[in-house]
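Here the structure comes first, spelled out in structure tokens, and everything after it is commentary.
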Protein chains: 2
Amino acid sequence: MRADAQRNRELIATTALDLLARRGPAVSMEEIARAAGLGVGTLYRHFPDRQSLLDSVAATTLRTLLAAGRAEQSSAAPRWQVLVRIVARCTGLPLALISSLPDATRVDPTVADLVAELDALFQGLVEDAQREGSLRADLTGAQVVGLLNVAVCRPGARADDPLTTVLLDGLRARP
Amino acid sequence: MRADAQRNRELIATTALDLLARRGPAVSMEEIARAAGLGVGTLYRHFPDRQSLLDSVAATTLRTLLAAGRAEQSSAAPRWQVLVRIVARCTGLPLALISSLPDATRVDPTVADLVAELDALFQGLVEDAQREGSLRADLTGAQVVGLLNVAVCRPGARADDPLTTVLLDGLRARP
DNA sequence: ATTAAGCTGAATGCCATACTCCGGTTGACC
DNA sequence: GGTCAACCGGAGTATGGCATTCAGCTTAAT
């Protein structure tokens, strides 16, 4: 593969991720192309269709997140700290949203698997934090994860958002 | 106006509000019609176009909310209580969202005014609660209102949602 | 210099959705 | 219970946005 092609492929993926994070899951191919300073045709040279591009970006990102998550998981830090760090890390990721939404048309098995794994990791972490006594115990793991999703998967979300801050404070177990 | 027309007009408004709350701001005229058990033609008999219907529903709802808010405001209850009650009251309202979003196409002056008034009322309330010492003071009124908006204006939001609960807990001033 | 891989973006086709309209229905008044 | 204007239904039309294609031009690599 020619060097410029390689570069463009990565540029497309990065740009797509960025736009998805900032403007939500409805970005058009045209928008992505323009933001990357390329023509739409180039996107289609690298990805057969829109879904492909989305899947590819999702898979890459989810894999990174999963790796980071597993690393954190086996650290010695208190579970609460771990959770906060992972949430920060995930912020701005709209892809979990794309996939976790009851979106009928989504079926890519790789992405689905990754989402499931990430979900399980998160839930385990939440439940550990509850056992540790740092996270309020009146919600199920799934509920907490669902709620963190809202905080994290918003167009334009940032880790130091008021929303994220307040939500995390609200999740902290009362003294 | 014929009795059935009157009935249908109200049915349309109610159904639209309900669907907007449950499925978000992208509901189609067809969906609303079907949910109301009517034909699309009937919607257009009562409202010249989609925007009209949305504006009408928004204006009615916002007026009700504003009245309820003003009543609460002049009650003797602690500001925190008042705030919680109003939030509960607003939950499921997607219209504030429609209007408060940077949606370029929205210009109806009535609705804009109502939104502004409701916003001001909310902010005043939040700031009073902060002075009262029941609401954390490290956020501006506007930030708090924005964040409550997220909680309240989601498709399918409910007042006893984990999200709303946790968010309110996170907003409470620390002892 | 050669050339195949790469790039562009106007043109195409598709689909969802707002909106229209005419034939059939019905409430209201006599 | 008859009349009729208001009302309703829903197939059909118009439109706009978006994914996707492709013919002609560029450029990296040798």
Side-chain angles (χ1 to χ4, degrees), chain A residues 1-20 22-58 94-95 98 101-108 111 155, chain B residues 1-20 22-58 94-95 98 101-108 111 155:
Chain A
M1 182 183 280
R2 252 166 59 172
D4 57 343
Q6 179 66 44
R7 231 180 308 125
N8 279 342
R9 192 188 165 87
E10 277 155 26
L11 180 60
I12 291 167
T14 321
T15 308
L17 179 59
D18 180 57
L19 273 187
L20 285 166
R22 290 196 289 111
R23 300 160 81 104
V27 270
S28 70
M29 294 300 264
E30 177 94 23
E31 275 180 282
I32 297 173
R34 197 177 307 276
L38 301 170
V40 255
T42 307
L43 304 213
Y44 286 93
R45 161 161 298 271
H46 291 288
F47 304 91
D49 56 29
R50 173 197 169 77
Q51 191 61 48
S52 247
L53 169 56
L54 262 42
D55 284 347
S56 169
V57 172
L95 298 159
I98 294 177
L101 270 175
D103 228 351
T105 51
R106 151 150 302 295
V107 279
D108 184 80
V111 174
Chain B
M1 182 182 279
R2 252 165 61 171
D4 56 343
Q6 179 67 43
R7 231 181 307 125
N8 280 341
R9 191 186 166 89
E10 276 156 26
L11 179 61
I12 291 168
T14 322
T15 308
L17 179 59
D18 180 58
L19 273 187
L20 285 167
R22 289 196 290 112
R23 301 160 80 106
V27 271
S28 70
M29 295 300 264
E30 177 95 23
E31 275 181 282
I32 297 172
R34 198 178 306 278
L38 300 171
V40 256
T42 307
L43 303 214
Y44 287 94
R45 159 161 299 271
H46 289 289
F47 303 92
D49 56 28
R50 174 195 169 76
Q51 193 60 49
S52 243
L53 169 57
L54 262 43
D55 284 347
S56 168
V57 173
L95 299 160
I98 294 177
L101 271 174
D103 228 350
T105 51
R106 150 150 304 293
V107 280
D108 184 81
V111 174

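The sequence lines fix the lettering, A, B, ..., with proteins before strands; numbering per chain opens at 1. These numbers come from a predicted model, not from an experiment.
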Rounded distance in Å - [atom1] ([X]) to [atom2] ([N]):
X	N	atom1	atom2	result
L54(B)	dA18(C)	CG	C1'	12 Å
R34(B)	dC8(D)	CZ	P	18 Å
N8(A)	dT8(C)	CG	P	7 Å
L53(B)	dT17(C)	CG	C1'	15 Å
L43(A)	dG9(C)	CG	C1'	12 Å
R45(B)	dA6(D)	CZ	P	9 Å
M29(A)	dA10(C)	CE	C1'	17 Å
E31(B)	dA16(C)	CD	P	12 Å

For this session: Go through the steps to decide whether N8(A) and R45(A) satisfy the test side-chain contact (heavy atoms from CB on, under 4.5 Å), and finish with yes or no.
Result: CA-CA 10 Å; N8(A) 279 342; R45(A) 161 161 298 271; over 6 Å; no
Problem set entry | Audit row: T15(B), L38(B), side-chain contact (heavy atoms from CB on, under 4.5 Å) steps and yes/no | CA-CA 11 Å; T15(B) 308; L38(B) 300 171; over 6 Å; no
For this session: By nearest nucleotide on DNA chain C, pick out whichever of Y44(B) and D4(A) is the more 5' one.
Result: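 Upstream on the strand: D4(A).
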Exercise. Quick one: on DNA chain C, does V27(B) or R7(B) contact a more 5' nucleotide (nearest heavy atom)?
Worked result: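 Upstream on the strand: V27(B).
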Exercise. For H46(B) and dC7(D), is the shortest distance between a side-chain N/O and OP1 or OP2 below 4.0 Å?
Worked result: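 Negative; the distance criterion is not met.
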Exercise. Heavy-atom distance under 4.5 Å between the side chains of R9(B) and I12(B), does that happen here?
Worked result: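 Result no, sub-4.5 Å side-chain heavy-atom pair not found.
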For this session: Using a 4.5 Å cut-off on heavy atoms from C-beta on, say whether the side chain of R50(A) contacts that of L54(A).
Result: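 Counting from C-beta outward, L54(A) and R50(A) do come under 4.5 Å.
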Problem set entry | Options dA29(D), dA19(D), dG27(C), nucleotide nearest the side-chain atoms of A3(B) |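 So the side chain of A3(B) is nearest to dG27(C).
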For this session: Taking all non-hydrogen atoms of both residues into account, name the closest pair between V57(A) and A13(A) and its distance.
Result: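 Taking V57(A) first and A13(A) second, the nearest heavy atoms are CG2-O, 4.0 Å.
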For this session: Scan T42(A) against the nucleic acid and name what it touches under 4.0 Å (heavy atoms): base, sugar-phosphate only, or nothing.
Result: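 The answer is base, as T42(A) lies within the cut-off (heavy atoms under 4.0 Å) of a base atom.
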Exercise. Touch check for R50(B), heavy atoms < 4.0 angstrom, all strands: base, sugar-phosphate only, or nothing?
Worked result: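 Here R50(B) touches the backbone only, sparing every base.
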Problem set entry | Upstream residue (5' side of DNA chain D) when E30(B) and R2(B) are each assigned their closest nucleotide |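 Closer to the 5' end of DNA chain D: R2(B).
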